[in-house]
Asker: 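Below you'll find the structure I mean.
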Amino acid sequence: MIAPANRPIGVFDSGVGGLTVVRALMERLPMENIVYFGDTARVPYGVKSRATIEHFTAQIVDFLLGHEVKALVVACNTIAAVAGHKVRHSAGGMPVLDVIAAGAQAALAQSRNHHIGVIATSTTVNANAYARAIHAQNPQARIVSQACPLLVPLVEEGWLDHDVTRLTVREYLKPLLADPIDTLVLGCTHYPLLKPLLKQEAPHITLVDSATTTAEAAARALGAAGLLNSDNPAPDYRFYVSDIPLRFQTIGERFLGRSLEQIEMMSLG
Ligand code: DGL
């Protein structure tokens with residue numbers, strides 16, 4: 001029987017993008033064991049229907065619960081947007097953190113004029129998820145959202161500082177910058193990699209990176225539940241994916257910021 005604090009944190013995403021959240025968790029909580037599932041066989045989720053995403057999510061959550069995780073981190077904005085409530089229901093009482101709840105809270109804390117921009121996948125924007133999460137805390141806040149479907153493939157291509165990406169970002173930001181937003185939420189796992197470019201294109205706007213804010217929220221939730229692992233200098237990291245596509249290693253390491261070992265394939269459903 002493993003002591004509750006020594007159990008791993010379960011982190012999941014539609015693919016490799018959630019490794020930006022794993023990276024932030026490794027930095028903020030260096031003693032925690034982590035088990036990650038990325039649904040690389042069925043990515044992208046950002047253009048799929050709610051019913052399909054809910055179905056896939058239930059399979060992933062079952063898989064992670066089978067690993068005796070002590071908490072779940074929904075690293076995918078799209079999953080959090082449409083299936084976050086289902087994850088909480090299946091998890092029973094264990095802490096469940098998600099990028100949208102954490103990002104919404106951080107955006108409100110950082111914005112001075114409470115005029116906030118959100119960029120995300122089409123499904124996340126259509127679900128109005130960030131606006132709902134922000135309005136639940138501050139009904140006066142003004143939110144403008146923009147779906148940026150081209151950014152996921154550009155980031156996966158590694159075009160982080162490329163003219164094509166710069167022009168695409170400029171086009172997507174136009175309607176947002178026409179509003180007096182002072183804060184921009186990066187509402188997709190892939191966008192933290194575009195921070196340098198976004199800073200150049202929107203120099204006066206505060207960027208909210210859901211990965212770091214989620215890691216912070218995870219630290220608080222585990223602390224409050226008495227589940228922090230405080231004596232584990234050599235943590236165990238396991239990465240499960242439903243497919244190992246071409247260039248997986250290169251792309252994954254770019255998101256994780258370090259070498260990606262212990263990858264296992266696991267098909268669900
Ligand atoms: N992980 C997704 C998100 O954060 C982006 C990739 C996808 O569309 O599945 O919204």
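Residue numbers start at 1 and run along the sequence shown. Whatever order the structure lists ligands and atoms in, that order sets their numbers, starting from 1.
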Asker: Under a 3.5 Å threshold, yes or no: a donor from one side chain and an acceptor from the other, between N77 and Y130?
Answerer: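 Yes - a donor-acceptor pair under 3.5 Å links their side chains.
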
Asker: Salt bridge or not between D161 and R166? Use side-chain N to carboxylate O under 4.0 Å.
Answerer: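 Between R166 and D161 there is a salt bridge, with a charged N closer than 4.0 Å to a carboxylate O.
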
Asker: Are side-chain N/O atoms of H114 and N138 paired as donor and acceptor at under 3.5 Å?
Answerer: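 Yes, because at least one side-chain N or O of H114 sits under 3.5 Å from a partner of the opposite role on N138.
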
Asker: Would N33 and N232 count as having a side-chain donor-acceptor pair, cut-off 3.5 Å?
Answerer: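 A pair is found: one side chain offers a donor N or O, the other an acceptor, under 3.5 Å apart.
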
Asker: Taking any residue with a non-hydrogen atom under 4.0 angstrom from an atom of ligand 1, which ones do you get?
Answerer: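 Those residues closer than 4.0 Å to ligand 1 by some heavy atom are D13, S14, V43, P44, Y45, G46, C76, N77, T78, T121, C188, T189, H190.
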
Asker: How about NE2 on H85, more than 12 heavy atoms from neighbouring residues, nucleotides or ligands closer than 6.0 Å, or not?
Answerer: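 Correct, the count exceeds 12.
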
Asker: Determine whether the side chains of T52 and E54 contain a donor N or O and an acceptor N or O closer than 3.5 Å.
Answerer: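 No donor-acceptor contact under 3.5 Å links the two side chains.
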
